[in-house]
There are 2 protein chains.
Amino acid sequence: MATIQDIADLANVSKATVSRVLNNSSLVTTQKRIAVEDAMNELNFQPNVMAQSLAGGRSMTIGVLTQNFGSPFYDSVSQGVIDGLSDTGYSPIFADGQWKQNTEREVIGTLVGRKVDGLILIGGDVPVSKLNELRDQLPTIVVARELDDWENQCIHVDNVDAGYRATKHLIDFGHREIALIHGIRNHPDAVQRFEGYSKALADAGIELNSNLVYSGDFSAQSGVLAVNSLLAQSTHFSAVFAANDMVAFGARLALHRHGIRVPEDVSIIGFDDQAEAAFMTPPLTTMRQPAVEMGMASAAALVKLIDGESYELPRLPIELQRRESVARLR
Amino acid sequence: MATIQDIADLANVSKATVSRVLNNSSLVTTQKRIAVEDAMNELNFQPNVMAQSLAGGRSMTIGVLTQNFGSPFYDSVSQGVIDGLSDTGYSPIFADGQWKQNTEREVIGTLVGRKVDGLILIGGDVPVSKLNELRDQLPTIVVARELDDWENQCIHVDNVDAGYRATKHLIDFGHREIALIHGIRNHPDAVQRFEGYSKALADAGIELNSNLVYSGDFSAQSGVLAVNSLLAQSTHFSAVFAANDMVAFGARLALHRHGIRVPEDVSIIGFDDQAEAAFMTPPLTTMRQPAVEMGMASAAALVKLIDGESYELPRLPIELQRRESVARLR
DNA sequence: AACCGACTTGAAAGCGTTTTCAGTTACCCC
DNA sequence: GGGGTAACTGAAAACGCTTTCAAGTCGGTT
């Protein structure tokens, strides 16, 4: 592996000059610049990022903390981060916080130890106080989590409003007995969506029936369990608001097993709009989260933040994606 | 940020000793060891990985080349890699080759520049000659790609056999008019599955009808397009072998749109067994690829390879996952 | 002809670790 | 008590790069 010294020798200049053309940090005569570039090509030179980082302070890597690899929403955000970082010279390095404070604390530690130039935190439970410390130490952007006092380093989305609108959509279609399959108990997204649900019901003058709200964990399996329980007890319902699309898939299947038609007998609305949702039978009406866009936006913002440039965070809406799993109540 | 020197001062020892307890590379008296450990805790010491890498040669980082972030199979393999690497001290760093030779070449370059200790290559098109070079330079494991002469650094799966068995399953259930929705034209997995399909047909004495094979690109949309075309031309078919589960979802929806029942009228078999497959209506019969396991195995193997220990690569089978989308032809 | 400023350039000092090499110590044995 | 050995320890040299600082070059001025 060629080093800066090798190419300096070959080009008959000093290491310093090589470094200068590498970063074009200051003027170098065209003649030497070309000699250096030729030498680099000839030796197939790849700067050692570790050494650069040690000497210069920048590692050109971004630490990304995500939650539960394999869950569609967080994966999409991560994907957006990757996209957004390509062609910036920065590479992302991922760690999984698993929605556990301790794990998160730990992996953030290893990220910091790797001297990342910036941090993107997707979701998670890290207490705000720790976050505030972190932000003083390192450019940080938080995604998919609402934080007071972080206006400009926080990309999130209004889950209570979205929960409200999802429920409202059902109500507008004549439904009044709307089951809610809750996500993980204390998960902020889940509780906010539930809050929106409650509010929409209240605004429509419908009393919240606790027999219609089932707890789950964002998995498809929890969707089938919930529907089975709902059906076993005999509270009638004409619509289901699922915590996310996976839950909706499970619910839809359970309904199918009982010979209940969607949307003729029961309507379903999901949340996320993951790729498969459009191909459910029937295609799933769902609240589309701009996951990839959030990731891209956070990457773009972080790069600006690191470079000390100004930037503006986009306002990303959650949009109702109307498809065919919701029908007017007859 | 505390350095090794700070803690050396605090503990009244030399940097060398601190380094020794850090790596417990040689004996240190308990007394000093404790002093050092206390100092580390007190100053909340995090070794600078960059410096370690530069000095010691190991970066504790693994480069992972994947293809098209967002595609279920590759994502699952990646996830397996992450899982398999946790608790090993190594962190993965991802790059997307996008199934393009140039991109792959380029990103492998940046990975190497980051001084990764090893490489996991998932799929991809890099020519074998280049791969052979790479392997001399760096511990490398290739996943999901079949390579001669790489027996012990290559984890793959028998796609032609799986294609054969999928088709055979349909044939065993009485189907003889079996449509095949092909994956991306020259994608090795796709052509191998097609090869298995052809062979199964031949073995059963069924002539391959080219009107029944449709080209696609592994996307759900290509599944609906294929079914629509199939239906438009009037070649009859009683079963569909989809390039992967996404394609199967698309095909299933298209059939539904035409009022064709699955599996009563047409059977569908998919490939991958992604999470959503079990919740399709009806649940999708599919060839389960051990994607996560492949990722985990490759991570485990790579760590051994780096450490110069011996290891054995597991033989991972593709298994028929029988569910309800395939029925006996009546 | 001496001088000045604007450009270029190279030497050398780090950056935070690991690792080699040469001591020190302490201990055991004859 | 001297000598040999084993167990520890510290100084210093890398690792490959960036950056500061001083020096050199050149053309144009006065």
Side-chain angles (χ1 to χ4, degrees), chain A residues 1-37 39-40 43-61 89 109-110 112-117 137 306, chain B residues 1-37 39-40 43-61 89 109-117 137 306-307:
Chain A
M1 201 82 281
T3 77
I4 216 185
Q5 183 63 262
D6 299 331
I7 94 109
D9 294 346
L10 187 59
N12 266 309
V13 297
S14 69
K15 294 192 304 178
T17 302
V18 178
S19 170
R20 283 191 266 258
V21 347
L22 201 52
N23 308 288
N24 61 75
S25 51
S26 76
L27 289 309
V28 174
T29 41
T30 347
Q31 186 194 350
K32 302 215 174 205
R33 155 163 278 116
I34 290 179
V36 169
E37 282 166 351
M40 285 186 174
L43 289 132
N44 209 327
F45 174 73
Q46 278 281 357
N48 179 330
V49 180
M50 302 290 161
Q52 295 191 121
S53 159
L54 189 54
R58 15 204 37 187
S59 62
M60 299 309 284
T61 98
T110 92
V112 172
R114 293 193 108 81
K115 294 287 168 271
V116 295
D117 293 337
Q137 196 182 134
I306 292 174
Chain B
M1 200 85 282
T3 78
I4 216 185
Q5 183 63 263
D6 298 332
I7 95 108
D9 294 346
L10 188 58
N12 265 311
V13 298
S14 69
K15 294 191 304 178
T17 301
V18 178
S19 171
R20 282 191 268 258
V21 346
L22 202 51
N23 308 287
N24 60 73
S25 49
S26 76
L27 291 306
V28 175
T29 41
T30 344
Q31 186 195 350
K32 303 214 176 206
R33 154 164 279 114
I34 291 180
V36 168
E37 281 165 352
M40 285 185 176
L43 297 173
N44 208 328
F45 175 71
Q46 278 283 356
N48 180 330
V49 180
M50 301 290 160
Q52 288 183 316
S53 159
L54 189 55
R58 15 204 40 187
S59 62
M60 300 309 284
T61 309
T110 91
L111 254 20
V112 172
R114 296 193 107 80
K115 294 287 166 268
V116 295
D117 293 338
Q137 196 182 134
I306 291 174
D307 293 345

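Counting heavy atoms from C-beta outward, B:L27 and B:R20 have side chains that stay 4.5 Å or more apart.
In this structure, the side chain to side chain contact (heavy atoms under 4.5 Å, CB included) partners of A:A35, at least two apart in sequence or on a different chain, are A:A11. A:R114 pairs by the side chain to side chain donor-acceptor pair (under 3.5 Å) definition with B:T61, B:S91, not counting sequence neighbours. With sequence neighbours excluded, the residues forming a side chain to side chain contact (heavy atoms under 4.5 Å, CB included) with B:L10 are B:A39, B:E42, B:L43, listed by chain and number.
Side-chain atoms of B:D117 come within 3.5 Å of backbone atoms of B:S59 as a donor-acceptor pair (strictly under, hydrogens ignored). One N or O on the side chain of A:N23 and one on the backbone of A:S19 form a donor-acceptor pair closer than 3.5 Å.
Put simply, CD on B:Q52 is 13 Å from P on C:dG16, counting in whole angstrom units.
For residues 25-34 of chain A, there are no side chain to side chain donor-acceptor pair (under 3.5 Å) pairs, not counting sequence neighbours. The side chain to side chain donor-acceptor pair (under 3.5 Å) contacts involving residues 1-17 of chain B comprise B:S14-B:T17, where partners must be two or more places apart or lie in separate chains.
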What are the atom names and distances for every N/O pair under 3.5 Å that joins the protein to nucleotides 6-8 of chain C?
none

Hey, what are the protein-to-nucleotides 19-27 of chain C N/O distances that come in under 3.5 Å?
none

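Contact between B:V36 and B:V21 at its shortest, heavy atoms only, is CG1-CG2, 3.5 Å. Contact detail for A:M40 and A:L22: the closest heavy-atom pair is CE-CD1, 3.4 Å.
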### Query
For A:V18 and A:F45, what are the C-alpha separation, side-chain angles and deciding distance, and is it a side chain to side chain contact (heavy atoms under 4.5 Å, CB included)?
CA-CA 11 Å; A:V18 178; A:F45 174 73; 5.5 Å; no
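Less than 4.0 Å separates DNA chain D from at least one heavy atom of each of the following residues of residues 2-13 of chain A: A:T3, A:I4.
The outermost nucleotides of DNA chain D lying under 4.0 Å from heavy atoms of chain B, listed 5' to 3', are D:dC8 to D:dG16.
Annotation: the terminal axes of the helix from C:dA1-D:dT30 to C:dC30-D:dG1 meet at 60°, where each axis is the rotation carrying the C1' atoms of four end pairs onto the next four (5 pairs per end, rounded to 10°).
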Could you list the donor-acceptor pairs under 3.5 angstrom formed between side-chain atoms of residues 47-54 of chain B and any protein atom two or more places apart in sequence or on another chain?
unit_1: B:N48; atom_1: OD1; unit_2: B:M50; atom_2: N; d: 2.7
unit_1: B:N48; atom_1: OD1; unit_2: B:A51; atom_2: N; d: 3.1

